[in-house]
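Everything on this sheet refers to the single structure shown next.
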Amino acid sequence: QVRLVESGGGLVEAGGSLTLSCVVSGRALSGLAMGWFRQPPGKGRELVAAISWLGERTHYDESVKGRFTISRDNDNNTVWLQMKSLEFEDTAVYYCAGNVRSQWNDAQMFGLWGQGTQVTVSS
């Protein structure tokens, strides 16, 4: 059974930093393109960042580019999302996601999901 477990969410002041972690079990991480999605209150889920199987390619939504960094360590089955210069609009539930398809940065191809972790940015 493949499981994804996020951690690291919390309350942070605007302008601050936070790092989210995702631990994957049940299969080798190298077989999954990985991504982070977020769902703000009252809105749909959106792809924030994606990373290819070995980490050689990354994709970021324009709203977070330059502020967020996605990374992975396949040996330890862990994916991170480093967030800095956080804004009120970054407030959302953040989800770790896995993708078994070849289109590594296509949001609709992600089908494995963690439970989510809340990030709240105070203004």
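Residue numbers run from 1 in the order of the sequence given. FYI, side chains are in, hydrogens and waters are out, and symmetry mates aren't considered; it's all heavy atoms of this structure.
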By side-chain contact (heavy atoms from CB on, under 4.5 Å) - contacts of Asn76 (at least two apart): Asp73, Thr78
Side-chain heavy-atom pair Trp113, Cys96 within 4.5 angstrom cut-off: no
side-chain contact (heavy atoms from CB on, under 4.5 Å) assessment of Val12 paired with Met83: CA-CA 11 Å; Val12 63; Met83 304 180 291; over 6 Å; no
Any donor-acceptor N/O pair, Tyr60 side chain to Ile70 backbone, under 3.5 Å: yes
Side-chain touch Phe68/Leu86, heavy atoms, less than 4.5 angstrom: yes
Side chains of Val100 and Leu32 in contact at under 4.5 Å (non-hydrogen atoms): yes
Trp80 versus Ser21, closest heavy-atom pair with distance: CD1-OG, 3.2 Å
Joint cluster assignment, Val79 & Phe37, ILVMFWY side-chain distance < 4.5 Å: no
With Gln39 via side chain to side chain donor-acceptor pair (under 3.5 Å) - residues at least two apart: none
Summary of salt bridge (Lys or Arg N to Asp or Glu O under 4.0 Å) pairs that have at least one residue in residues 14-24, sequence neighbours excluded: none
Residues in side-chain contact (heavy atoms from CB on, under 4.5 Å) contact with Ser25, at least two apart in sequence or another chain: Arg3
Solution key, residues 115-123 side-chain donor-acceptor pairs under 3.5 Å, sequence neighbours excluded:
{"from": "Thr117", "atom 1": "OG1", "to": "Gly9", "atom 2": "N", "distance (Å)": "3.2"}
{"from": "Gln118", "atom 1": "NE2", "to": "Ala92", "atom 2": "O", "distance (Å)": "3.4"}
{"from": "Gln118", "atom 1": "NE2", "to": "Thr120", "atom 2": "OG1", "distance (Å)": "3.3"}
{"from": "Ser122", "atom 1": "OG", "to": "Glu13", "atom 2": "OE1", "distance (Å)": "2.9"}

Test side-chain contact (heavy atoms from CB on, under 4.5 Å) applied to Ser30 - qualifying residues, sequence neighbours left out: Ala28, Asn74
Exercise: identify the closest heavy-atom pair between Leu29 and Arg72: O-NH2, 2.8 Å
All pairs passing salt bridge (Lys or Arg N to Asp or Glu O under 4.0 Å) where residues 85-97 contributes a residue, at least two apart: Arg38-Asp90, Arg67-Glu87, Arg67-Asp90
side-chain contact (heavy atoms from CB on, under 4.5 Å) involving Ala50 - partner list, sequence neighbours excluded: Leu47, His59, Trp104, Asn105, Phe110
Sequence-distant partners of Asp106, side chain to side chain donor-acceptor pair (under 3.5 Å), two or more places apart: none
Apart from Met109 itself, residues in the same hydrophobic cluster as defined by side-chain heavy atoms under 4.5 Å: none
Asn99 side, atom CG; Ile51 side, atom CD1 - distance, nearest 0.5 Å: 13.0 Å
Which residues share a side chain to side chain donor-acceptor pair (under 3.5 Å) with Glu56, sequence neighbours left out: Ser52
Spacing of CG belonging to Leu18 relative to CD belonging to Gln82, to within rounding of 0.5 Å: 11.0 Å
Results of ring pair (Phe, Tyr, Trp, His ring centres under 6.0 Å) for Tyr94 - residues two or more places apart only: none
Joint cluster assignment, Leu112 & Tyr95, ILVMFWY side-chain distance < 4.5 Å: no
Nearest atoms (heavy-atom pairs only) where Glu6 meets Trp36: CG-CZ3, 3.8 Å
